[in-house]
Amino acid sequence: MNIAAERPARNGPGWSPGAIPDAVRPDFPILGEQVRGLPLVYFDNAATSQKPRAVIDAVADFYRHDCANVHRAVHTLAERATLAYEAARERVRGFVNAASANEIVFLRGTTESINLLAHGLGRDWQAGDRVVLTAMEHHANIVPWQLLRERTGIEIAVLPVTERGELVLEALPDLLDERTRLVAVTHVSNVLGTINPIAEITRLAHAHGVPVLVDGAQAVPHMRVDVQAMDCDFYCFSGHKMFGPTGIGALYGKADLLAALPPWQGGGEMITRVTFERTRYAAPPQRFEAGTQHAAGAIGLAAAIDYLSTLDMAAAAAHEQALLARATEGMQALGGVRIFGQAPHKAPVISFLVEGVHAHDLGTLLDRKGVAVRTGHHCAMPLMDFYGVPATTRASMAFYNTLDEVDRLIEAIAYAREVLQ
Ligand SMILES: Cc1ncc(COP(=O)(O)O)c(C=O)c1O
């Protein structure tokens, strides 16, 4: 099995932020690709990040050597697969510093995690009960609550953002009362990059007895997450945005809260006893893992966590801040570029519009220069409405990106503007 493989420590003394890309880029085969005859510049990391060889190999090795259904048989391969799958759960536990591996549920990702919670938490909510969201949520943390609202008549309250892209925290206490059932907030905005003060939000919410769900999809690739230090009640994320495989993610929930949730899907593996008269359900996390699990994905996710553990995350974050600063300064120097999200604490995500140029046209021309960015509403239409724009262009960076790549982005924007304006 690859997931336990030793990797050289790259987080010792003397590790400088600027040295990170040279050290890590050889680990990511796709970064050597050419696009339109030019070296690829990949700035769409917030949509999905690229995978190091360690992850690709871990997934392939599972299929080559250990492929079996987990938790189901006594033969050797099944035992190896099950051990690796449960070892992966333990890796995720350590990654977010949960108290117990039983607090980690493997699901398809952030979207499925929030849908599970809307289904389970909301089962006995009633008309007039309230969930508090924020104006910077991804649709994944809006639509499941709207589906619940259609079924039950709950109220959705929205914590506003400032023009700079920060939450108006002072407005939160007014939304917290005996009818408030949950605060559901993103840790990092996928559009603005804003890093939200989760510990402060949980403190305010808990003072009113309200639990907090955190959408960590955009946080886990960039920072160490400690669910106990933040004291959040639920935390979810997707493997594919943190250098792991697609189709796998995790939901953390405090043990007592998970234990109080009903099953989400019915089927094999989530039961202790089934008769035609009644079924007894397994305890969490198995209660929420019906059917054949994505064992290869979980093992790949563990490999991504192991890979990240070989990096000095503080140095990686410092390098990402240097990328963000270079991109911001470069765009400001071009003139005529509007940047969305000016919070002092930002992940390396920069959404922008060039005066007189449609976001999609810009994205198409950047691709001609080998630069991959995202254009559109970024699944955050209410936030687009707040800023009065239908779409933006977004460059989102990772620790493997270089300052030279940022310069290529800025040059490509200047080229596109000349062509399009
Ligand atoms: C903040 C945020 N939440 C949720 C999601 C949904 O993640 P997934 O599609 O992996 O479930 C995304 C994806 O872009 C995101 O950026």
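Read the numbers this way: they start at 1 and go in the same order the structure lists the ligands and their atoms.
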Here's a test for you: under side chain to side chain contact (heavy atoms under 4.5 Å, CB included), which of Asn115, Leu107, Ile114 qualifies with Thr111? Asn115
Is the distance between the ring centroids of His138 and His378 under 6.0 Å? no
Tell me, please, which residues at least two apart from Ala199 pass side-chain contact (heavy atoms from CB on, under 4.5 Å). none
Distance-only donor-acceptor check, side chains Tyr415 and Arg368, under 3.5 Å: yes
Below 6.0 angstrom between ring centroids: does that apply to Tyr85 and His71? yes
Quick one: sort the Phe399 and Tyr307 rings into parallel, tilted or perpendicular, breaks at 30° and 60°. parallel
Under 4.0 Å from ligand 1, residues with heavy atoms, in chain and number order, are Thr110, Thr111, His138, Ala140, Thr186, Asn190, Asp215, Ala217, Gln218, Ser238, His240, Lys241
